[in-house]
Amino acid sequence: MNACERDFFIQLYELMEKPELFVSLKENLSRYFDMNGYRNIAVYGVGKMGSLILRNIDTAQLESICIIDENKSAGFGSMEKISVEELVDRKEIDVLLVTPLLDYPQIEAQICSMCEIPVVSAKELMCDMIYQSLFPENKD
């Protein structure tokens, strides 16, 4: 990834924290999961981006959520933490949301080589949310 792409991702992350752009981050996340039929999600990475997303997920809209993080001490509240290897046996997971933007290609390749769970980058999530915030008339 070149410096221009890295700067773009940093700017996207900063936009997510601006309340004037995202009236309700929780509402945008709920809409994204609902529109795509995601009820059981796994979030890969609980760093800054992952924590921001997890803090704003409306768990009432989901059936289950779990986290994956290579950092052994990482966690998020009482959410179930699983290993990458456990994804193979977790047929109920609808999508894996990968929050490390720079490592996404490697993580996606690893997951896709192990199982058939759809993998989505936080970049896709952020771009969708920005689009919907800028063009609210296209929400459905």
Side-chain angles (χ1 to χ4, degrees):
M1 175 174 295
N2 63 37
C4 182
E5 289 173 315
R6 187 172 43 255
D7 289 345
F8 173 74
F9 289 138
I10 290 169
Q11 289 172 357
L12 283 177
Y13 173 76
E14 289 170 353
L15 284 173
M16 286 184 74
E17 293 188 314
K18 293 184 185 271
E20 65 272 14
L21 180 59
F22 295 108
V23 176
S24 171
L25 183 55
K26 186 174 282 196
E27 178 183 312
N28 283 311
L29 286 166
S30 295
R31 181 186 37 74
Y32 179 84
F33 293 131
D34 186 55
M35 284 177 55
N36 291 288
Y38 301 143
R39 299 281 178 256
N40 299 289
I41 66 169
V43 177
Y44 186 110
V46 287
K48 285 180 93 175
M49 176 70 70
S51 294
L52 176 65
I53 290 171
L54 288 166
R55 277 194 313 271
N56 287 283
I57 287 178
D58 185 356
T59 54
Q61 300 291 323
L62 302 171
E63 292 176 22
S64 69
I65 184 168
C66 62
I67 58 172
I68 300 167
D69 200 293
E70 297 297 317
N71 180 348
K72 300 278 188 235
S73 63
F76 195 84
S78 62
M79 287 186 186
E80 178 186 13
K81 183 175 178 183
I82 65 171
S83 68
V84 171
E85 293 77 20
E86 289 177 83
L87 283 173
V88 174
D89 299 321
R90 301 296 292 262
K91 305 296 185 213
E92 79 279 6
I93 295 175
D94 297 321
V95 67
L96 173 65
L97 176 62
V98 177
T99 64
L101 300 176
L102 300 176
D103 296 328
Y104 175 75
Q106 296 87 355
I107 296 167
E108 178 190 36
Q110 177 188 15
I111 301 305
C112 290
S113 72
M114 295 171 48
C115 57
E116 295 184 17
I117 295 172
V119 180
V120 174
S121 171
K123 172 188 152 194
E124 178 183 323
L125 175 69
M126 290 186 304
C127 288
D128 177 75
M129 288 171 36
I130 289 170
Y131 177 81
Q132 294 299 333
S133 293
L134 294 175
F135 305 103
E137 66 277 4
N138 296 326
K139 279 198 172 173
D140 292 323

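As a basis for the values below, the full set of heavy atoms in this structure was taken, side chains included, without hydrogen atoms, waters or symmetry mates. Computed from a predicted structure; not experimentally measured.
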Item to check | Set of side-chain hydrogen bond (donor to acceptor under 3.5 Å, both in side chains) partners for N40, sequence neighbours left out | outcome: S64
Checklist entry - Can any side-chain N or O of S113 pair as donor or acceptor with the backbone N or O of Q110 at less than 3.5 Å? => result yes
Checklist entry - Judged by atom type as modelled, is there a donor-acceptor pair below 3.5 Å linking the side chain of K91 to the main-chain atoms of V88? => result yes
Checklist entry - Taking the side chain as C-beta and beyond, is there a heavy-atom pair between R55 and F76 under 4.5 Å? => result yes
Item to check | For D34, salt bridge (Lys or Arg N to Asp or Glu O under 4.0 Å) partners two or more places apart | outcome: R39
Checklist entry - Does any non-hydrogen side-chain atom of E63 lie less than 4.5 Å from one of Y38? => result no
Checklist outcome for this item: Correct closest heavy-atom pair for G45 and P100 would be CA-CD, 4.5 Å
Next on the checklist: I'd like to check the side-chain hydrogen bond (donor to acceptor under 3.5 Å, both in side chains) partners of T59; sequence neighbours left out, ordered by chain and number.
Outcome noted: none
Checklist outcome for this item: Sequence neighbours excluded, the answer for side-chain hydrogen bond (donor to acceptor under 3.5 Å, both in side chains) partners of R90 is E80, E92
Next on the checklist: With heavy-atom distances below 4.5 Å as the criterion, would you say the side chains of I82 and L87 are in contact?
Outcome noted: yes
Next on the checklist: Once side-chain hydrogen bond (donor to acceptor under 3.5 Å, both in side chains) is applied, do any residues pair with Q106, and if so which ones, sequence neighbours excluded?
Outcome noted: none
Item to check | Closest non-hydrogen atom pair, A42 against I68 | outcome: CB-CD1, 4.4 Å
Item to check | pair Y104-T99: side-chain heavy atoms closer than 4.5 Å | outcome: no
Checklist entry - Linking I/L/V/M/F/W/Y whenever any side-chain heavy atoms sit under 4.5 Å apart, do I93 and V95 land together? => result no
Next on the checklist: Is there a side-chain contact between E86 and S83 in this structure, where contact means two heavy atoms from C-beta onward sitting under 4.5 Å apart?
Outcome noted: yes
Checklist entry - Under the side-chain contact (heavy atoms from CB on, under 4.5 Å) criterion, do S121 and L101 qualify, and how do the steps go? => result CA-CA 7 Å; S121 171; L101 300 176; 4.1 Å; yes
Checklist entry - Given the rule that I, L, V, M, F, W and Y join up when any side-chain heavy atoms are under 4.5 Å apart, are V98 and V46 in one cluster? => result no
Checklist entry - What closest approach, in Å, do G37 and D94 show between heavy atoms, and which atom pair accounts for it? => result O-OD2, 3.9 Å
Checklist entry - Is it true that M49 and V43 fall in one hydrophobic cluster, defined by side-chain heavy atoms closer than 4.5 Å? => result yes
Item to check | Derivation and outcome, side-chain contact (heavy atoms from CB on, under 4.5 Å), residues I107 and V119 | outcome: CA-CA 9 Å; I107 296 167; V119 180; 5.7 Å; no
Checklist entry - Hey, which of N36, I53, L62, L97 is the one that makes side-chain contact (heavy atoms from CB on, under 4.5 Å) with I41? => result L62
Checklist entry - Do S30 and I57 pass the side-chain contact (heavy atoms from CB on, under 4.5 Å) test, and can you show the C-alpha distance, the side-chain angles, and the key distance before you say yes or no? => result CA-CA 7 Å; S30 295; I57 287 178; over 6 Å; no
Next on the checklist: The criterion is side chain to side chain contact (heavy atoms under 4.5 Å, CB included); which residues satisfy it with E70, sequence neighbours excluded?
Outcome noted: Y44, V84
Item to check | CD1 on I65 to CZ on F33, rounded to 0.5 Å | outcome: 6.5 Å
Checklist entry - What do you reckon, is CD of E85 surrounded by more than 12 foreign heavy atoms closer than 6.0 Å? => result yes
